[in-house]
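Written below as structure tokens is the structure these notes are about.
Just so it is clear, the structure is predicted and the values come from calculations on it, not from any experiment. If you read the sequence from its start, that first residue is 1, and numbering goes on from there.
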Amino acid sequence: MKKFILPLLLLTTIINLSCTSYQFFFKDKITIDELLATKEQIDTAENPAQALLLKNDLANKVIVINELLVKDIIPSTNVDYDFCIISDYQSEKGAIEFYIYTKNLRRISQLKKGQSLITVQGEFSRFFSMLDNYYTKIEIIKAAIAVKN
């Protein structure tokens, strides 16, 4: 019986690591420009069912954002995460604020406000707006973050 426990444990660990590492492998990747184009379609949709289908389609895509400057790291308001990385991006439409959620605490601990440049791949969660100067705010979950410096 003990002969089977170690190989089974090893196999389970390998499967978990590979699924985590390649969680974005089979999903379509989109850029910010494509994301904003879809947002415009959602905002102008006259049929709420069409808007919902567009939002659901975004949930199945991975957003790739290169060279974001870390603006702040705050405690998370999302119950599934401990911390949130806030970053700004200037698009043709206006300023966008990203709320990025990851469970990789080691990576978050390496980040420095106003200094760290990161590349993010993550799942779209939602758009939201507030009464401020941002065109939109975008929430990204299950993010994989690479530190540039």
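Atom CG of residue L58 and atom CD1 of residue I42 lie 5.0 Å apart, to the nearest 0.5 angstrom. Here the OH atom belonging to Y99 is positioned 13.0 Å from the OG atom belonging to S125, to the nearest 0.5 angstrom. One distance of note links CD1 of I140 with CD of Q121; it measures 10.5 Å at 0.5 Å rounding. I108 CD1 to S116 OG: the interatomic distance, rounded to the nearest 0.5 Å, is 12.0 Å. Between the CD atom of E97 and the CD1 atom of I138 there is a distance of 10.5 Å, given to the nearest 0.5 Å.
Pairs of residues two or more places apart, or lying in two chains, that qualify as side-chain hydrogen bond (donor to acceptor under 3.5 Å, both in side chains) and include a residue from residues 42-52 are K39-D43. The ring pair (Phe, Tyr, Trp, His ring centres under 6.0 Å) contacts involving residues 31-76 comprise nothing, where partners must be two or more places apart or lie in separate chains. For residues 35-61, no residue pair satisfies the ring pair (Phe, Tyr, Trp, His ring centres under 6.0 Å) rule, not counting sequence neighbours.
Summarising the local packing, NZ of K55 is surrounded by 12 or fewer heavy atoms from other residues, nucleotides or ligands at distances under 6.0 Å. No more than 12 heavy atoms of other residues, nucleotides or ligands sit less than 6.0 Å from atom CG of N133.
Not counting sequence neighbours, T136 has no partner by the side-chain hydrogen bond (donor to acceptor under 3.5 Å, both in side chains) test. The side-chain contact (heavy atoms from CB on, under 4.5 Å) check on E67 picks up K148, with sequence neighbours excluded. Judged as a side-chain contact (heavy atoms from CB on, under 4.5 Å), and not counting sequence neighbours, A59 has no contacts. In this structure K113 satisfies the side-chain hydrogen bond (donor to acceptor under 3.5 Å, both in side chains) test together with D72, sequence neighbours excluded. D33 meets the side-chain contact (heavy atoms from CB on, under 4.5 Å) test with T31; sequence neighbours excluded. Remark: D57 engages K61 in a salt bridge (charged side-chain N to carboxylate O under 4.0 Å, His left out) (not counting sequence neighbours). For R126, the side-chain hydrogen bond (donor to acceptor under 3.5 Å, both in side chains) partners at least two apart in sequence or on another chain are E139. The side-chain contact (heavy atoms from CB on, under 4.5 Å) search around E40 returns K93, Y135, not counting sequence neighbours.
For the pair D88/F98, no side-chain contact is recorded, criterion being any heavy-atom separation below 4.5 Å from C-beta on. Between I32 and I65, the closest side-chain pair of non-hydrogen atoms falls below 4.5 Å. At least one side-chain heavy atom of L111 sits under 4.5 Å from a side-chain heavy atom of I118. Y134 is not listed as a side-chain neighbour of I96, based on a closest heavy-atom distance of 4.5 Å or more. Looking at V64 and N66, their side chains come closer than 4.5 Å, going by heavy atoms from C-beta outward. Side-chain contact between I145 and I100 is present, with at least one heavy-atom pair separated by less than 4.5 Å. Residues N60 and D28 fail the side-chain proximity criterion, which asks for heavy atoms closer than 4.5 Å. Side chains of V147 and L117 form no contact here, defined as non-hydrogen atoms less than 4.5 Å apart.
In this structure, F127 is a member of the same hydrophobic cluster as L54, with clusters built from ILVMFWY side-chain heavy atoms closer than 4.5 Å. The same ILVMFWY cluster, assembled from side-chain heavy atoms under 4.5 Å apart, contains both V120 and L35. The cluster map of Ile, Leu, Val, Met, Phe, Trp and Tyr, joined by side-chain heavy atoms under 4.5 Å apart, puts L105 and V70 in the same cluster.
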Side-chain donor/acceptor pairs under 3.5 Å, residues 77-87, sequence neighbours excluded:
from	atom 1	to	atom 2	distance (Å)
N78	OD1	D80	N	3.0
Y81	OH	K142	N	3.0
S87	OG	L69	O	2.7

